[in-house]
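Working notes for the structure below.
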Number of protein chains: 2
Amino acid sequence: MEPRFVTAADVARRAGVSRSAVSRAFTPGASVAPETRARVLEAAEALGYRVNRLARTLHRDRSDLVGIIGANLGNPYISAQFDALSAALQAEGLQTLLVNLRPDPRPGAEPPDLGRAVERLLEYRVRTVVLLSGAAPDELVRLCAANGVRMVLINRPAPAAGALADVIDSDAAGGGRLAARRLIAAGCRRLAVVLSESRTSAKLARADAFCAEAASGGLTVRRWTQGPNSYETGVAAARSLLEGGAARIDGIFGVTDEIALGAMNTARHELGLAVPHRLSVIGFDDAPISAWSSHRLTTVRQSLPALTGATLEAILCPADAAVSHRAVAVDLVERGSVAPARGSAPG
Amino acid sequence: MEPRFVTAADVARRAGVSRSAVSRAFTPGASVAPETRARVLEAAEALGYRVNRLARTLHRDRSDLVGIIGANLGNPYISAQFDALSAALQAEGLQTLLVNLRPDPRPGAEPPDLGRAVERLLEYRVRTVVLLSGAAPDELVRLCAANGVRMVLINRPAPAAGALADVIDSDAAGGGRLAARRLIAAGCRRLAVVLSESRTSAKLARADAFCAEAASGGLTVRRWTQGPNSYETGVAAARSLLEGGAARIDGIFGVTDEIALGAMNTARHELGLAVPHRLSVIGFDDAPISAWSSHRLTTVRQSLPALTGATLEAILCPADAAVSHRAVAVDLVERGSVAPARGSAPG
DNA sequence: CGCGGGATTGCACAGCATTGCAACCACGCG
DNA sequence: CGCGTGGTTGCAATGCTGTGCAATCCCGCG
């Protein structure tokens with residue numbers, strides 16, 4: 001009546017062998033007579049048996065599960081990153097267990113709790129925790145380490161307990177500098193940087209480096225910090241920075257393509273400012289949609305294949321290997337949202 | 001030396017009770033003295049114990065795992081849908097196990113195999129399989145049913161073994177008709193519909209209904225079918241349909257916002273055609289980016305909350321409940337990519 | 001024909017938690 | 001004071017698979 005999963009014992013009974021034989025038939029390299037294995041596989045096929053990975057994990061010291069903690073899965077870059085990463089994991093025979101840290105939009109709802117998310121993943125005995133969003137407090141890093149679970153931080157600030165987590169970073173400071181230099185070369189004199197209130201991430205470093213580089217060029221930067229990490233933040237920033245035109249901002253750096261696109265679109269379509277002639281905009285990420293002909297956003301690229309490759313390396317390395325810090329280079333991809341450089345070519 | 005997960009036995013030893021007591025302390029409603037429970041919880045806290053869900057699942061007839069099979073996770077609508085769904089599952093105490101069916105871009109790589117994906121999820125004893133991409137062949141539906149796993153099909157054609165899977169459908173035919181009527185009302189006479197080669201999905205139904213409605217209005221539709229389900233397909237379609245202008249196509253229906261955006265952007269920015277004056281474009285989905293001021297795409301909306309809600313209902317319903325077919329209504333959201341309706345208001 | 005050795009196989013236990021059952025405790029009532 | 005009762009708790013079995021160890025089988029060689 002009620003269908004149940006077929007177990008190894010069922011197969012053993014049907015094939016007329018012991019349960020161990022069934023187990024061995026499914027374990028590559030185990031000692032089984034070819035004829036026995038064939039009989040077992042045939043019985044398994046007939047019954048529709050497949051190994052219960054959950055039970056198997058009880059034995060092995062590491063599971064096949066990789067926990068990924070993310071928010072902003074709708075963000076165009078993050079979703080591409082998540083897509084690439086989960087596909088790569090799968091090709092390696094690992095499985096993606098997702099924890100979504102997306103805030104509950106209902107009023108009065110509790111904010112998502114990273115600690116609980118990690119706990120949850122530990123309950124499933126994941127072999128690795130990958131953090132795509134949020135900052136990793138020391139205690140959580142330690143918690144994972146204490147359970148023998150590697151933690152991989154992507155574009156997250158390295159925790160004080162640094163020796164306990166793998167870190168993968170694209171060059172935030174370099175990217176911020178690249179953006180500043182490019183805007184200055186375009187002749188922009190009144191710069192602004194737009195970021196969200198999430199104070200915990202690499203995005204701060206991007207903004208800081210941008211400001212520092214501008215300062216070394218004799219310019220001060222208007223810093224606009226507000227709201228969540230989203231398109232709407234860029235929209236709001238553009239309205240507030242550009243409306244009325246009093247400040248005459250002529251160059252904006254969005255610490256994320258999504259933010260930069262919000263700002264650029266609002267300037268262009270809502271406020272009627274010509275981009276790049278009146279206003280130059282530059283982003284960070286190089287999300288797929290930034291290349292669309294509706295945007296043509298000049299941006300600092302973090303190469304997705306490079307980022308994914310580095311992440312995969314960190315995940316696959318043996319459990320006892322020392323943690324590592326992998327840096328991913330960034331470069332500027334020129335499209336149409338920044339005015340042409342004047343005068344001498346940048347060094 | 002090597003950190004291991006703490007087990008219930010460790011906690012029992014420390015708290016001076018039996019392993020059963022530990023288990024009961026973590027089971028709501030079990031019979032334990034408050035004082036014993038407190039002692040157990042304290043020991044667990046000190047040791048960093050947490051229940052091993054994998055082992056727990058051996059007992060229960062259903063696990064907490066929901067398998068989601070998807071491709072195109074970079075698609076702006078799918079990613080939003082996946083984001084919403086995984087967040088909703090989590091709020092219900094369920095966990096998302098992802099299988100990514102994204103095709104391996106390397107030449108000579110095997111195409112992703114849905115059958116293997118389902119097998120994989122069964123190995124993890126998921127309680128439900130949700131299909132966001134691909135079509136469900138009868139045998140797979142039957143396979144899941146035989147293992148007592150519910151299958152939920154989202155915008156997938158109902159399999160012949162229909163009584164064995166939950167189906168959630170937004171009204172593809174209605175949406176296709178809406179699109180056709182709107183373009184006709186705008187005065188478009190030379191219509192085209194753009195879709196990908198994936199022949200298996202609700203997208204065919206959208207296109208078919210569009211063509212049928214146009215035919216009943218006395219118009220024939222140029223049908224452009226090629227490539228995968230992506231932005232680039234829309235780009236290629238626009239080039240091929242519009243370049244030279246011989247065909248003078250003046251209305252395009254993209255079966256997906258992503259496709260419609262590719263077509264619209266290419267027409268507007270690459271071919272220099274005014275949208276909506278020279279060409280009207282209409283999409284299907286209402287992805288978040290379609291509302292951006294850089295696009296303002298008129299589109300057939302499948303309400304994401306409605307779709308997510310229906311999916312969640314299907315997933316949460318008791319295991320022995322009959323399968324159901326849930327329809328999600330669609331409506332037209334007017335933005336700026338279709339010329340104003342002429343003459344009489346549509347009935 | 002007897003024996004050594006390699007290949008195969010089954011037994012039993014490990015791994016982790018849940019749960020039916022029975023033993024146990026204390027307490028209250030007759 | 002004895003017994004019934006309700007609440008606790010431990011034992012042992014269950015759920016499913018992996019694996020060390022020993023038993024077994026068969027073959028070949030002396």
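Proteins get letters first, then strands, A, B, ... in listed order; numbering begins at 1 in each. Just so it is clear, the values below take in all heavy atoms, side chains as well, and ignore hydrogens, waters and symmetry mates.
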R19(A), nearest nucleotide to its side chain (from dT8(C), dG15(D), dG18(D)): dG18(D)

Backbone of R125(A) reached by a side-chain donor or acceptor of S63(A) within 3.5 Å: yes

Euclidean distance, atom CZ of residue R50(B) to atom P of dA17(C) [Å, nearest integer]: 11 Å

Nearest-Å distance for atom pair CD/P, residues E123(B) and dC16(D): 16 Å

Sugar-phosphate only, base, or nothing, as touched by V22(A) at under 4.0 Å among non-hydrogen atoms: nothing

Nearest listed nucleotide, side chain of T7(B), among dT8(C), dC16(C), dT19(D): dC16(C)

Length of the line joining L58(A):CG and dC16(C):P, which is rounded to integer Å: 7 Å

Atom-pair distance (CG on L54(A); C1' on dG15(C)), nearest Å: 13 Å

Check: H325(B) main-chain N/O paired with D169(B) side-chain donor or acceptor under 3.5 Å: no

Whole angstrom value for the distance that separates P of dT17(D) from CG of N52(B): 16 Å

Whole-Å gap separating C1' (dA17(C)) and CZ (R125(A)): 10 Å

Atom-to-atom span, CZ of R53(B) to P of dG15(D) - whole angstrom: 22 Å

N/O donor-acceptor pair, side chain R24(B) with base dG10(D), under 3.5 angstrom: yes

Backbone N/O of S324(A) and side chain of D166(A): donor-acceptor pair under 3.5 Å: yes

Side-chain N,O (T36(B)) to OP1/OP2 (dT8(D)) below 4.0 Å: no

Selected nucleotide, minimal atom distance to R60(B) side chain, candidates dG18(D), dC16(D), dT18(C): dT18(C)

Whether N52(B) side chain and T7(B) backbone form a donor-acceptor pair below 3.5 Å: no

5' priority, DNA chain D, between V6(A) and V17(B) [closest heavy atom]: V17(B)

Of the listed nucleotides dT8(C), dG10(D), dG10(C), the one nearest the side chain of A33(A): dT8(C)

Under-4.0 Å side-chain N/O to phosphate OP1/OP2 contact, S18(B) with dC11(D): no

Phosphate OP1/OP2 of dA17(C): any R56(B) side-chain N/O under 4.0 Å: no

Sugar-phosphate, base or nothing in reach of S31(A), heavy atoms under 4.0 Å: base

Out of dC11(D), dG10(C), dA17(C), whichever nucleotide has its closest atom nearest the side chain of S20(B): dC11(D)

Sugar-phosphate, base or nothing in reach of S23(A), heavy atoms under 4.0 Å: base

Sugar-phosphate, base or nothing in reach of V32(B), heavy atoms under 4.0 Å: sugar-phosphate

For the student: nearest non-hydrogen atoms of L132(B) and G70(B), plus distance: CB-CA, 4.2 Å

Step-by-step side-chain hydrogen bond (donor to acceptor under 3.5 Å, both in side chains) determination, T57(B) to D64(B): CA-CA 8 Å; T57(B) 300; D64(B) 292 339; over 6 Å; no

Whole angstrom value for the distance that separates C1' of dG18(D) from NE2 of H59(A): 4 Å

Distance test, side-chain N/O of Y49(B) to OP1/OP2 of dA17(C), below 4.0 Å: yes

